[in-house]
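Residue indices begin at 1 and follow the sequence shown. The basis for the numbers below is simple: all heavy atoms, side chains too, and nothing from hydrogens, waters or symmetry mates.
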Amino acid sequence: MSRPAGRHLCKAHGVGGHSRSMKEGKGLAMESKRQAAPSGAPASLVQEVAALWGECLGGPDVGPVDDFFALGGNSLAGIKIIERVAQTYGVKLSVRDFYLAQTPTRVAELIEQGRAAA
């Protein structure tokens with residue numbers, strides 16, 4: 001699948017420049033959560049969404065069930081991710097649905113639901 005020209009939107013704007021040290025304290029708890037959660041979305045899509053989050057949040061390693069806000073996510077990063085999802089997958093997520101989803105796995109499920117409805 002080819003990516004649109006705007007694929008580096010998050011990186012280009014430097015959203016979420018959080019330092020690694022902020023997340024180190026959460027390392028063990030987050031590491032245990034990284035096991036794949038059962039999902040209706042393909043594992044490859046979950047991985048793509050997790051990679052997108054990592055890019056938009058300043059490069060942290062993001063697992064399939066990591067919480068957006070625990071990773072340092074904020075409203076600006078959320079909007080950038082929502083824009084990238086629309087550009088890349090053709091699915092428009094509401095801000096509310098995105099924030100309620102909280103994890104890459106759940107966002108991938110929303111993308112799958114949006115594709116099915118289209």
Side-chain angles (χ1 to χ4, degrees):
M1 167 188 300
S2 67
R3 302 266 188 234
R7 72 177 204 185
H8 298 291
L9 181 65
C10 296
K11 202 176 230 180
H13 291 288
V15 174
H18 302 290
S19 69
R20 273 305 227 200
S21 61
M22 286 178 61
K23 291 167 192 68
E24 287 173 5
K26 299 176 189 144
L28 291 177
M30 289 173 61
E31 195 63 38
S32 66
K33 289 182 168 183
R34 294 186 193 254
Q35 303 303 319
S39 169
S44 61
L45 179 57
V46 174
Q47 290 172 348
E48 289 175 17
V49 172
L52 171 62
W53 284 28
E55 184 181 324
C56 290
L57 295 172
D61 233 2
V62 177
V65 294
D66 285 345
D67 182 272
F68 176 74
F69 296 105
L71 292 170
N74 57 41
S75 59
L76 181 58
I79 296 300
K80 297 294 182 188
I81 292 169
I82 290 168
E83 287 177 13
R84 285 278 304 276
V85 166
Q87 291 172 352
T88 304
Y89 303 104
V91 175
K92 293 182 181 181
L93 301 177
S94 73
V95 172
R96 181 181 187 279
D97 286 345
F98 175 80
Y99 288 143
L100 289 175
Q102 295 183 316
T103 69
T105 297
R106 291 187 189 141
V107 170
E109 290 170 352
L110 291 175
I111 292 169
E112 282 296 292
Q113 290 170 9
R115 286 174 169 173

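- Between the SG atom of Cys56 and the CG atom of Leu76 there is a distance of 9.5 Å, given to the nearest 0.5 Å.
- Note: Lys92 NZ to Ile82 CD1 = 12.5 Å, rounded to the nearest 0.5 Å.
- Asn74 CG to Lys80 NZ: the interatomic distance, rounded to the nearest 0.5 Å, is 11.0 Å.
- In this structure, Asp66 contributes its side chain and Gly63 its backbone to a donor-acceptor pair below 3.5 Å.
- Taking Ser75 as the reference, nothing meets the side chain to side chain donor-acceptor pair (under 3.5 Å) condition, with sequence neighbours excluded.
- Note on residues 42-65: pairs passing ring pair (Phe, Tyr, Trp, His ring centres under 6.0 Å), not counting sequence neighbours, are Trp53-Phe68, Trp53-Phe98.
- Taking 4.5 Å as the limit, every side-chain heavy atom of Leu110 sits out of range of all side-chain heavy atoms of Val91.
- Thr105 contributes atom OG1, which lies 9.5 Å from atom CG of Leu45 (distance to the nearest 0.5 angstrom).
- Here the options are Asp97, Leu93, Leu52, the test is side-chain contact (heavy atoms from CB on, under 4.5 Å), and the partner is Val107; only Leu93 passes.
- Looking at every heavy atom in both residues, Thr103 comes nearest to Pro64 through CB-O, 3.7 Å.
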- Go through Arg115 and Glu112 one step at a time and tell me if the salt bridge (Lys or Arg N to Asp or Glu O under 4.0 Å) criterion holds. CA-CA 5 Å; Arg115 286 174 169 173; Glu112 282 296 292; 2.9 Å; yes

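- Contact between Val46 and Ala108 at its shortest, heavy atoms only, is CG2-CB, 3.7 Å.
- Taking CD1 from Ile81 and CG from Leu57, the interatomic distance works out to 5.0 Å, rounded to the nearest 0.5 Å.
- Sorted by first and then second residue, the ring pair (Phe, Tyr, Trp, His ring centres under 6.0 Å) pairs with a member in residues 99-118 read Phe69-Tyr99; sequence neighbours excluded.
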